[in-house]
Amino acid sequence: MTTQTDIPPAETGGERRSWLREHSELGVCVLLLALGVLVLTDALTMDVDIAQRGPVGPKTVPIVVGAGLLVIAALLAVDVLRGGRGQAETGEDVDLSEPADWRTVLLLAGVFLGAAVLIEPLGFPIAGALLFWGAAFALGSRRLDRDPLIAAGLTLVTYTVFNNLLGVPLPGGPLMGVL
């Protein structure tokens, strides 16, 4: 004579959903896997003349990034399937009862839009300095004696690294002859 407890329960849709809910981090793994495959596919199908670029060309970084994404997706999936769980966001430094700071968001959006519009006529050094300075101002810094100098320094270093060392041409604008 069999009792109700002797019969193994059939897998229901609720159990499947519960398993997926417990392993929801696998969604991040799938996203990282898809992104890695996309980056690798684009990098490997890129048409580049190796004689112009040398041994380290424009394919190198996307291949490394794509492979890294695949490795991270695999390691995260193994961790999740072994029972690893991400810690829930505690939000201890965020007061969720406060409304969003739309002034800061709109200031940052305006600074980014302004830099995008000004990069062609003024060049990267000036537009970039305005971008860094405007972002610092939008985020609360009011040091008018220090912020413009830091912004100009950051922009000149960025311009020099990209334009001169990496060979990525950035618009110089009116400062083209000076830099």
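Residue numbers run from 1 in the order of the sequence given. Reckoned from all heavy atoms, side chains included, excluding hydrogens, waters and symmetry mates.
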Problem - Nearest non-hydrogen partners of Phe124 and Thr155, listed with the distance - result: O-CG2, 3.5 Å
Fill in the blank from the handout: Between Thr41 and Val37 the two heavy atoms that sit nearest each other are OG1-O, 2.7 Å
Problem - Set of salt bridge (charged side-chain N to carboxylate O under 4.0 Å, His left out) partners for Asp101, sequence neighbours left out - result: none
Exercise for the section: Please indicate whether Arg142 has more than 12 foreign heavy atoms, meaning atoms of other residues, nucleotides or ligands, lying under 6.0 Å from its CZ. Expected result: yes
Practice task
Measure the shortest side-chain to side-chain distance between Leu81 and Leu26 over non-hydrogen atoms and say whether it is less than 4.5 angstrom.
Solution key: yes
Practice task
Check Pro62 against Ala43 and note the closest heavy-atom contact, atom names and distance.
Solution key: CB-CB, 3.5 Å
Practice task
Just jot down the side-chain contact (heavy atoms from CB on, under 4.5 Å) partners of Leu107, sequence neighbours excluded, or say none.
Solution key: Arg103, Ala138
Handout entry: Same apolar cluster: Tyr159 and Leu165, side chain cutoff 4.5 Å
Key = yes
Practice task
Examine Val71 and Val78 and state if one hydrophobic cluster contains both, with Ile, Leu, Val, Met, Phe, Trp and Tyr joined whenever side-chain heavy atoms are less than 4.5 Å apart.
Solution key: no
Problem - Residue pair Ile119 / Ala116: nearest heavy atoms and the distance that separates them - result: CG2-O, 3.5 Å
Exercise for the section: Report yes or no: do Leu108 and Leu131 belong to one cluster of Ile/Leu/Val/Met/Phe/Trp/Tyr joined by side chain heavy-atom distances under 4.5 Å? Expected result: yes
Exercise for the section: Using modelled atom types only, decide if a donor and an acceptor are shared between the side chain of Asp147 and the backbone of Trp133 within a distance under 3.5 Å. Expected result: no
Practice task
Could you give me the CA-CA distance, side-chain angles and deciding distance for Leu70 and Leu33, then say whether side chain to side chain contact (heavy atoms under 4.5 Å, CB included) is met?
Solution key: CA-CA 5 Å; Leu70 294 180; Leu33 177 75; 3.6 Å; yes
Problem - Minimum heavy-atom distance between Lys59 and Met46, given as atom pair plus value - result: CE-O, 3.0 Å
Problem - Cluster overlap Leu113 with Leu122, hydrophobic side-chain contacts below 4.5 Å - result: no
Handout entry: Co-membership, hydrophobic cluster, residues Ile150 and Leu156, 4.5 Å side-chain
Key = no
Problem - Nearest atoms (heavy-atom pairs only) where Ala77 meets Cys29 - result: N-SG, 3.3 Å
Problem - 4.5 Å side-chain heavy-atom contact, Ile63 and Leu40 - result: yes
